Colleague: 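Structure incoming, see below.
Since the model is a prediction, treat every value here as computed from it, not as a measurement. Basis for what follows: all heavy atoms, side chains included, without hydrogens, waters or symmetry-related copies.
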Amino acid sequence: MMGKALLPELWTEILVPVCAVVGIAFSLFQWYVVSCVKLTADRGESSSLSEDGKNGNGDYLIEEEEGLNDQSVVAKCAEIQTAISEGATSFLFTEYKYVGVFMVLFAAIIFLFLGSVQGFTTKSQPCTYDKTRTCKPALATAIFSTISFVLGAVTSVLSGFLGMKIATYANARTTLEARRGVGKAFIVAFRSGAVMGFLLAANGLLVLYITINLFKIYYGDDWEGLFESITGYGLGGSSMALFGRVGGGIYTKAADVGADLVGKVERNIPEDDPRNPAVIADNVGDNVGDIAGMGSDLFGSYAESSCAALVVASISSFGINHDFTAMLFPLLISSVGILVCLITTLYATDISEIKAVKEIEPALKNQLIISTVIMTVGIAVVSWIGLPSSFTIYNFGTQKVVKNWELFLCVAVGLWAGLIIGFVTEYYTSNAYSPVQDVADSCRTGAATNVIFGLALGYKSVIIPIFAIAVSIFVSFSFAAMYGVAVAALGMLSTIATGLAIDAYGPISDNAGGIAEMAGMSHRIRERTDALDAAGNTTAAIGKGFAIGSAALVSLALFGAFVSRAGIETVDVLTPKVVIGLLVGAMLPYWFSAMTMKSVGSAALKMVEEVRRQFNTIPGLMEGTAKPDYATCVKISTDASIKEMIPPGCLVMLTPLIVGFFFGVETLSGVLAGSLISGVQVAISASNTGGAWDNAKKYIEAGASEHARSLGPKGSEPHKAAVIGDTIGDPLKDTSGPSLNILIKLMAVESLVFAPFFATHGGFLFKIFS
């Protein structure tokens, strides 16, 4: 017998939900502080955040200085915010109607496929991994997997929707605070991001914890069946994230490309100019793609890595000996993560202060560093009290003896690999460093050289992240087999609350700049919001790096769990069944990217035509005496994204089902390995290429250095070349790139959920021909 964990079971039962509730309470507190910035025209309360002169509050209102009417500005900001919020809400409701139909259909498929494994019998069966014991019937797995799928899907949708609501609530408030200094605006944007980060991390943890405890009432000592049915939670989370990412990505980029090409290149008007008909659709897109889509995506990663770790643990000594504290080690990591991120967030909002533009990006980077350092200590404590000193982990048919310090190293290596990937991404996408400056410089000779330099940068930026992922896989697998890889992924995602806060900060700042431009505020305020936005662009790229890195680890852990559950002893790449799977799997990310890129292209085409039509046919539009028809552009983006998100979604969801049923588990294992290996590379290069082009354009526009001024000003030939590069990069960094990490995770978790069915009924074609 192995030892027990130091932490008593009762304490674990209290600690996990308490940490989740603390996270939710903290997010509500941050929301309350943001809501103190009033969106009313009452002069005395245009802002009521602390009046102590901290964070650039020494500035008096720029509006007063320039003689603008303060009240009309506030009213205008409120009006624009309402338009953006209504557009985003109506799109998400439309999207969720379609996604809801899919959810019901797919839940039925899960029930039918898993129930048919043993002919819908209600009799107990011998367990999969230990034939001497009896486990609950396959019908129970079918019912509970379906329930956990629906729970995961609903939590994912809720995460995205709440994130969008918070972002659209905060954007105009950030704009108004920018009148009082860049530090004030930063705090509002960052607090709003924290609301989303903590709400999502705590909700995901709490729902998973409650689900496990409720399922335990039925399953009793059958932990193998209990945690197998919990995998549906990860599948639900990721399948919703796929539609959110693809649909939101197509929406935001169709509007962005249309607004940029006609407004900036053809008509030479500034970004977010209220005369541009696509400007509201563009700002709505930031919220539905970058916020709602990203929230669902990272929730999916978190749910899947937890599920992968729990499945492997249930057939290891934790599950065999029914050590509940050690079993919930993945949830304990996430619980401590919430507390660590809380301390880190307080540092940014209440301890340090930002007095100048150049301090914004370091402040965001410090969040990552501080949370990683404190979390390392947190993991060490959890590994010491939450694990026995020695235990066994299931390793493809054998039990491997592991020490608790070895599991600590597995989690820590994932955590630090995430930080490395984040900083490498920042180096390649921030205009403070030479790679982006070189891309900007290449615009001297036109758009073609800009595109060549940008693509080269993206390919080069893959090298170090891949080594970081490879090292973390090798270390974690050597110590604790596939369970090690799963907890390494959880380590990378353990500071998810801080990561999401930084990530959501970007689109909120972007919207704030748009609102400042549309409300006719002074150029100095626009400069401040642009500085916030430029830092946000880089942090968004860091967030995508985290998401892709964790997706690679999660999908490998799920792959290991699938191979074990499907009863495959070895995946032999020399057998034709596996080779054809590898080839097809490696092709899928390209097929998927082709679909999403073309969808953005065709939607942008309609948008460009509509914006041109309005400029040509509405008299007084360019002079600013007539208002554009914003609603038509919003409708074009909505219709295109709803229609175009279905084919890529079907490709991802149906591939494992078709391959598993017709070709069997060996071919499916090849498909999963192939898609993981090629998907990670394509995703990193697409995200970083797009991010670099975007920041090269902003580098020229800001004109902060002698070099940048030599390429400008706005409207110059190098600037136009940079805008074209940015426009090409938009669908790469915001649609195809981020959606690919969902593709590799989703196919793996779906294969794991359906593994019992494929193991029993799979390989239909091969059975016929043999």
Colleague: Heavy atoms, side chains only, cut-off 4.5 Å: are Tyr251 and Val634 in contact?
Modeller: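 Answer yes - side chains close enough.
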Colleague: Do you know the tightest heavy-atom contact between Gly422 and Ile542?
Modeller: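 Minimum heavy-atom contact is O-CG1, 3.4 Å.
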Colleague: If you compare all heavy atoms of Tyr169 against all heavy atoms of Gln81, which two are closest, and at what distance to 0.1 Å?
Modeller: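 Nearest heavy atoms, Tyr169 then Gln81: O-NE2, 2.9 Å.
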Colleague: Report yes if some heavy atom in the side chain of Phe186 is under 4.5 Å from a heavy atom in the side chain of Glu359; otherwise report no.
Modeller: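 Heavy-atom side-chain distance check fails, nothing below 4.5 Å.
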Colleague: Any side-chain heavy-atom pair from Cys633 and Met607 closer than 4.5 angstrom?
Modeller: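 Cys633 vs Met607: side chains touch.
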Colleague: In this structure, is the centre-to-centre distance between the rings of Phe161 and Phe93 below 6.0 Å?
Modeller: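 When the ring centroids of Phe93 and Phe161 are compared, they turn out to be within the sub-6.0 Å range.
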Colleague: Taking NZ, NE, NH1 and NH2 as the nitrogens, is one of them in Lys264 or Glu701 under 4.0 Å from a carboxylate oxygen of the other?
Modeller: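 Yes.
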Colleague: Could you check whether Lys643 pairs with Asp639 (Lys NZ or Arg NE/NH1/NH2 to Asp/Glu carboxylate O, under 4.0 Å)?
Modeller: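 Judged by the 4.0 Å cut-off on N to carboxylate O distance, Lys643 and Asp639 do not form a salt bridge.
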Colleague: Would you say CZ of Phe453 has more than 12 non-hydrogen atoms from neighbouring residues, nucleotides or ligands within 6.0 angstrom?
Modeller: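 For Phe453, atom CZ is not crowded (no more than 12 foreign heavy atoms under 6.0 Å).
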Colleague: According to the interplanar angle, ranging from 0 to 90°, do the rings of Phe299 and Tyr302 count as parallel (below 30°), tilted (30 to 60°) or perpendicular (above 60°)?
Modeller: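 Geometry flag for Tyr302 against Phe299: tilted rings.
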Colleague: Within a strict 4.5 Å, meaning less than it, do heavy atoms of the Val246 and Met595 side chains meet?
Modeller: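 Of all side-chain heavy-atom pairs linking Met595 with Val246, none is under 4.5 Å.
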Colleague: Side-chain contact test, heavy atoms from C-beta onward, threshold under 4.5 Å: evaluate it for Phe91 versus Asn287 and give yes or no.
Modeller: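 Counting from C-beta outward, Phe91 and Asn287 never come under 4.5 Å.
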Colleague: Within a 6.0 Å radius of atom OH on Tyr98, are there more than 12 heavy atoms belonging to other residues, nucleotides or ligands?
Modeller: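 No, the 6.0 Å shell around OH holds no more than 12 heavy atoms from other groups.
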Colleague: Could you go through Ser305 and Lys745, starting from their C-alpha distance and side-chain angles, then the distance that decides it, and tell me whether this counts as side-chain hydrogen bond (donor to acceptor under 3.5 Å, both in side chains)?
Modeller: CA-CA 9 Å; Ser305 52; Lys745 291 180 308 190; over 6 Å; no
Colleague: Have a look at Lys544 and tell me which of Asp290, Thr429, Asn741, Asp734 forms a side-chain hydrogen bond (donor to acceptor under 3.5 Å, both in side chains) with it.
Modeller: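 So the option named by the test is Asp734.
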Colleague: Report yes if some heavy atom in the side chain of His719 is under 4.5 Å from a heavy atom in the side chain of Leu711; otherwise report no.
Modeller: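 Contact flag for His719/Leu711 side chains = no.
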Colleague: Can you tell whether the side chains of Asp273 and Arg267 come within less than 4.0 Å, N to carboxylate O?
Modeller: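 No, Asp273 and Arg267 are not salt-bridged.
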Colleague: Quick one: which residue pairs count as a ring pair (Phe, Tyr, Trp, His ring centres under 6.0 Å) with a foot in residues 672-701, not counting sequence neighbours?
Modeller: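 For residues 672-701: Tyr699-His707.
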Colleague: Is there a side-chain contact between Ile421 and Ile469 in this structure, where contact means two heavy atoms from C-beta onward sitting under 4.5 Å apart?
Modeller: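 A side-chain contact under 4.5 Å exists here.
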Colleague: Measuring only between side-chain heavy atoms, which start at C-beta, is Cys443 closer than 4.5 Å to Lys720?
Modeller: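 The answer is no, as the side chains (C-beta and beyond) never meet within the 4.5 Å cut-off.
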Colleague: In a table with atom names and distances, give each donor-acceptor pair under 3.5 Å that connects a side chain of residues 496-510 to protein atoms at least two apart or in another chain.
Modeller:
unit_1	atom_1	unit_2	atom_2	d
Tyr505	OH	Leu532	O	3.0
Ser509	OG	Tyr505	O	2.9

